[in-house]
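Here the structure comes first, spelled out in structure tokens, and everything after it is commentary.
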Amino acid sequence: MPELPEVETTVRRLRPEIVGRTITGVRLDWSRHTPTPAELRSLLPGRTVVGMARRGKYLVLDLEPAGRTLLIHLGMSGRLLTAAPDADPDKYAHTVLSMDNGRQLRFSDARKFGRLYLLADPRTVLGRLGPEPLSDAFSAGWLTEQLARRRRAIKPLIMEQSFIAGIGNIYADEALHRAGLEPRRPANSLAPAEADALHGGIQAVLAEAIEHGGTSLDWVYPGGKMQMRLRVYGRTGRPCLACGSSIERIVLGQRSTHFCPCCQR
DNA sequence: AACAGCCCCTGGGTGC
DNA sequence: TGCACCCAGGGGCTGT
């Protein structure tokens, strides 16, 4: 599920309660984390969360002492929430950290694609990511230059985390509609004005999604309102809000792709 | 560099 | 009710 806006919303919601808390216990029913469950049980208790941020689709928790960093990637169905130990039993919460305020930080993930990493140097994971799309490093000039060097289809390219960090299937489709670009266009076929439009579309849709608390689809990510503002994602066969044409669905890079054949060229 | 195919997992919806 | 099948917001790996 979670793309940049949903992770950002999660960080903003949890930060006030998590920062300053010391981890007192760990329960793990899932072994595909890094390092092993035994090491996590040994290394996490006693450490205090001194900072909480987002990089791409990763939640980044800085821990003291010893400068360890906890990275959490929510995968497709992961959620991070706090709860009282006896509240709302959650059979998908396979990773639970107890905190010194008596509450739990629960990593709930029905599909188990999410991952947690406790690292001495977070750059081993985060170093592979491209620029943050809402930072100065992601400028229209930079994007124009990069696009000229690639001939790959534009949609799978902007979803490549090493190219730009944080964009997933929903916001790729939405950014391309806002930019008026057909998802299969080769990156190096974009004129500078089109690259500018793509840059603007990416920043606008991500900012709008953060403002509205992210996209809630099905039961996966609660609380967001952005799903009511999506213009193409999940709207196959329905009229384009700009021109009335029927939204098309194709498969591109093995992901469903929605676009308006009239507005996006 | 790019792409297809496969894998990791589970749940929900649909059609028979 | 059961069952087969398709779909899903993520990404890593491999072979071409």
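Reminder, nothing fancy here: chain letters follow the sequence lines and each chain counts from 1. What you are looking at is a predicted structure, and each value in this text was computed from that prediction instead of being measured.
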Counting just side-chain N and O atoms, does Lys57(A) come under 4.0 Å of either OP1 or OP2 of dG11(C)? yes

Main chain of Leu157(A), side chain of Glu160(A): is a donor-acceptor contact present, judged purely on distance under 3.5 Å? no

Below the 4.0 Å mark, does dC8(B) have OP1 or OP2 next to a side-chain nitrogen or oxygen of Lys112(A)? no

As an exercise, state the distance from CZ of Arg47(A) to CG of Leu70(A), rounded to the nearest 0.5 Å. 10.5 Å

Is the shortest side-chain N/O distance from Tyr92(A) to OP1 or OP2 of dG11(B) below 4.0 Å? yes

Between dG5(B) and dC6(C) - P atom distance, rounded Å: 15 Å

Is the shortest side-chain N/O distance from Ser256(A) to OP1 or OP2 of dA8(C) below 4.0 Å? yes

Once you round it to whole Å, what is the distance between C1' of dG11(C) and CD1 of Ile72(A)? 17 Å

Gap between atoms CD1 and P, on Ile158(A) and dG11(C) respectively (whole Å): 13 Å

Quick one: is Arg115(A) getting a side-chain N or O under 4.0 Å of the dG10(C) phosphate, OP1 or OP2? no

Using atom CD of Glu160(A) as one end and atom P of dC3(B) as the other, report the distance to the nearest whole Å. 10 Å

Interatomic distance, Leu217(A) CG vs dA8(C) C1' [rounded to whole Å]: 10 Å

The ring pair (Phe, Tyr, Trp, His ring centres under 6.0 Å) partners of His258(A) (sequence neighbours excluded) come to Tyr233(A)

Minimum-distance nucleotide (side-chain atoms of Met159(A) versus dC6(B), dG9(C), dG10(C)): dG10(C)

Which residues share a ring pair (Phe, Tyr, Trp, His ring centres under 6.0 Å) with His212(A), sequence neighbours left out: none

Ignoring backbone atoms, test whether Lys91(A) places a side-chain nitrogen or oxygen under 4.0 Å from the OP1 or OP2 oxygen of dG11(B). yes

Please state whether the phosphate of dG9(C), meaning OP1 or OP2, lies under 4.0 angstrom from any side-chain nitrogen or oxygen of Tyr171(A). no

From OH of Tyr233(A) over to P of dA8(C), roughly how many Å is that when rounded to an integer? 6 Å

Nearest-Å distance, CG (Leu252(A)) to C1' (dA8(C))? 17 Å

Hunt down the Watson-Crick or G-U wobble partner of dC7(B), both distances under 3.5 Å, from any strand shown, or write none. dG11(C)

Contact under 4.0 Å: Gln161(A) side-chain N or O vs dG11(C) OP1/OP2: yes

Between dA8(C) and Arg255(A), is there an OP1 or OP2 to side-chain N/O distance shorter than 4.0 Å? no

Under 4.0 Å from OP1 or OP2 of dG11(B): is there any side-chain N or O of Arg111(A) that close? no

What class does the angle between the rings of Phe163(A) and Trp142(A) fall in, given that below 30° is parallel, 30 to 60° is tilted and above 60° is perpendicular? tilted

Starting from C1' on dA2(B), measure out to CG on Leu157(A) and report it in whole angstrom. 11 Å

Between Asp109(A) and Gly78(A), what is the shortest heavy-atom contact and its length? OD1-N, 3.5 Å

Would you indicate, yes or no, if dG11(C) has its OP1 or OP2 atom less than 4.0 angstrom from a side-chain nitrogen or oxygen of His73(A)? yes

Euclidean distance, atom CZ of residue Arg184(A) to atom P of dC3(B) [Å, nearest integer]: 13 Å

Phosphate OP1/OP2 of dA8(C): any Arg249(A) side-chain N/O under 4.0 Å: yes

Short side-chain N/O contact to dA1(B) OP1/OP2 from Arg151(A), under 4.0 Å: no

Can you find an N or O donor on one side and an acceptor on the other, under 3.5 Å apart, linking the side chain of Glu6(A) with the base of dG9(C)? no

